[in-house]
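One structure below.
Per chain, numbering begins at 1; letters A, B, ... match sequence-line order.
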Number of protein chains: 2
Amino acid sequence: MRKAQTLAEAAESPTSTRDRILDAAARIFRDKGYADSTMNDLASALNMKAASIYYHFKSKDEIVEQVLNEGTARVFRSVKCAIAQLPDDVNAKVKIGVAIREHLHVLHSDSDYTAANVRIFPEAPTDVVKRHMFERRLYSKFWVELIELGKKAGEIDQSVDAEMAHMFIVGAMNWSTQWYSPKIHNIEDMSDAVDSLVSKGLFTSGP
Amino acid sequence: MRKAQTLAEAAESPTSTRDRILDAAARIFRDKGYADSTMNDLASALNMKAASIYYHFKSKDEIVEQVLNEGTARVFRSVKCAIAQLPDDVNAKVKIGVAIREHLHVLHSDSDYTAANVRIFPEAPTDVVKRHMFERRLYSKFWVELIELGKKAGEIDQSVDAEMAHMFIVGAMNWSTQWYSPKIHNIEDMSDAVDSLVSKGLFTSGP
DNA sequence: GTCTATACTTCGATAGAC
DNA sequence: GTCTATCGAAGTATAGAC
C-alpha cells in the first residue's frame with residue numbers, strides 16, 4: 001500500500017506487513033491474473049508461509065478487493081492532482097491531454113495496483129466487483145465531466161456521446177497493458193499517439 | 001464451430017458433437033472467463049456428463065485453443081470479406097470505417113468465439129497463447145496495412161505509428177466487451193463513435 | 001458415445017504449537 | 001506473528017461398464 005501513515009509508523013517501520021502483502025499481491029496479480037495467483041505465491045514472494053497471511057487478511061477475496069480499490073484510487077488521485085496543478089484558464093483539450101499522459105504513466109510505470117486492477121477486474125468475485133464499482137464510477141464521472149466541459153466550451157461537438165467517448169479513450173489505454181513492453185515502446189510516444197488520436201483523429205482533414 | 005462441412009455432414013447432422021461442445025465453450029468462456037468455467041459447466045449446458053467431453057477432446061486446454069483460434073479467425077474473415085466487397089477505388093478512410101463496423105458487429109452480435117477470445121486471452125495457458133499468437137499477428141498485420149495504405153495515399157500523416165495506432169483502435173473496441181450492454185447501447189452508435197474518433201478526433205479543429 | 005465411479009492434484013482456509 | 005500439519009472443497013482427468 002505505502003500510503004499515508006502516522007509519524008510513529010513512518011519512523012519505526014517503513015511499511016506494515018499488511019501493506020507488504022498488498023504490494024506483493026498487486027505485483028503478482030498484475031503478472032499472473034487472479035485465479036493463477038495462489039496464497040502460496042504471495043507468501044513466497046515475502047519469505048513467508050501461506051498460513052501467515054491469514055493473520056492479516058481473512059481471505060483471498062479481502063486482498064483482491066483492497067488491490068482493486070487501491071488501483072482505481074491511485075490513478076484517479078494522480079490524474080485529478082495533475083489537472084489541478086494546471087492554470088485555471090487552460091482549455092479542455094489541454095486537460096484531457098494531461099489526463100491521458102497521467103493515466104498511462106500511472107498504469108505502466110507508477111502503480112502495480114492500477115495495472116493489476118485492469119487485469120483482474122473481469123475475474124474478480126461478483127460481490128467484490130459490485131462494491132468496487134463505486135470507485136470506478138467516480139473515476140468515470142471525472143472523465144465524462146472533462147468531455148462535457150469541452151462540449152460546453154464549444155471545443156467538442158455537441159453530437160459527441162461523452163459516456164461512450166470516455167469508455168473508448170480509457171479502454172484504448174487500458175488495453176495497452178496487453179501489448180506494452182518497456183523494451184519496445186515508451187510511455188511518451190504512447191501518450192502522444194493517444195493524445196493525437198483524440199485531438200485530431202488519424203486522418204488529415206486539410207487539403 | 002459451425003463452419004464449412006461436407007455435404008453429407010450437412011445433410012444428416014447439422015453440427016457434430018465436437019462442434020456443439022465448442023459452441024457451448026465459447027459462450028460459457030465469454031460469460032465466466034476461463035478459470036471459472038469448469039468441464040462440468042460445459043457438460044451441463046449440453047445435457048452431458050463432464051467425462052463424456054474427454055471422448056471428443058483430450059483436455060480443457062485443447063478446447064480453449066480451438067476457441068481462441070476460431071475467435072480470431074472469425075473476426076478476421078468477416079472484416080477481410082467486408083472490405084473485399086467494396087469497390088476498388090474507395091480510400092483508406094472508408095475501408096477503416098468498414099473494418100471498425102465489422103469488428104464491433106462480430107464481437108458483439110455475431111460470434112461468441114471472438115468475444116470469448118478477447119476475454120480469455122490473458123488467462124489462457126502459456127503454450128496455448130504462444131501458438132495462438134500466429135493467428136493474432138495475421139489479423140494485426142491486416143490492420144497495420146490498412147493504416148499504411150492511408151499513409152501512402154496521403155490521407156494519414158507520415159508521423160503516425162501504424163503499429164501503435166492499430167493497437168489503440170482495436171483495443172478501444174475490444175475493451176467495449178467490458179461495458180457494452182445491448183439494453184443500453186447499440187452497435188451502430190458505437191461504430192459511429194469509433195469511426196468519428198478515428199476520422200477526426202474529439203475536437204473540432206475548425207472555427 | 002455416454003455413463004458411473006473414482007483417482008489425483010491443487011488450493012483456500014483452519015487448528016494449534018511456538 | 002509465524003510456523004507445521006491438515007482438513008475439505010473443487011476440479012481435471014482416467015478406468016471401465018453399458
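- Salt bridge status for B:D192 with B:R101: present, with a side-chain N to carboxylate O gap under 4.0 Å.
- Straight-line distance from the CG atom of A:D61 to the P atom of C:dG12: 10 Å, rounded to whole Å.
- For residues 90-99 of chain B, no pair satisfies side chain to side chain donor-acceptor pair (under 3.5 Å), with sequence neighbours left out.
- Of the residues in residues 28-42 of chain A, not one places a heavy atom less than 4.0 Å from an atom of DNA chain D.
- For B:D41, the salt bridge (charged side-chain N to carboxylate O under 4.0 Å, His left out) partners are B:K32, not counting sequence neighbours.
- For the segment residues 51-59 of chain B, the set of residues with a heavy atom within less than 4.0 Å of an atom of DNA chain D comprises B:A51, B:Y54, B:S59, in numerical order.
- Residues A:K152 and A:E148 are not paired through a salt bridge, judged by the lack of any N-O separation under 4.0 Å between the basic side chain and the carboxylate.
- For B:R137, there are no salt bridge (charged side-chain N to carboxylate O under 4.0 Å, His left out) partners two or more places apart in sequence or in a different chain.
- Across the protein-nucleic acid pair, B:N47 atom CG and C:dG1 atom C1' stand 15 Å apart, rounded to whole Å.
- When the salt bridge (charged side-chain N to carboxylate O under 4.0 Å, His left out) test is applied to B:E123, no partner is found at least two apart in sequence or on another chain.
- Residues passing the side chain to side chain donor-acceptor pair (under 3.5 Å) test with A:T114, sequence neighbours excluded: A:S111.
- Legend: salt bridge (charged side-chain N to carboxylate O under 4.0 Å, His left out) pairs involving residues 105-117 of chain B, not counting sequence neighbours, sorted by first then second residue: B:R30-B:D112.
- Between the NZ atom of A:K60 and the P atom of D:dA10 there is a distance of 15 Å, given to the nearest Å.
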Donor-acceptor list for residues 170-177 of chain B side chains, cut-off 3.5 Å, not counting sequence neighbours:
from, atom 1, to, atom 2, distance (Å)
B:N174, OD1, B:H103, NE2, 2.8
B:S176, OG, B:H108, NE2, 2.7
B:S176, OG, B:M173, O, 2.5
B:T177, OG1, B:N174, O, 2.6

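- Rounded to whole Å, the distance from CD1 on A:I21 to P on D:dG1 is 11 Å.
- Rounding to whole angstrom units, NZ of residue B:K49 and P of D:dG11 are separated by 15 Å.
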Polar atom pairs between nucleotides 16-18 of chain D and protein, under 3.5 Å, N or O only, would you list them?
none

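- The salt bridge (charged side-chain N to carboxylate O under 4.0 Å, His left out) search around A:K80 returns none, not counting sequence neighbours.
- Among residues at least two apart or in separate chains, side chain to side chain donor-acceptor pair (under 3.5 Å) pairs with a member in residues 45-64 of chain B are B:Y34-B:D61.
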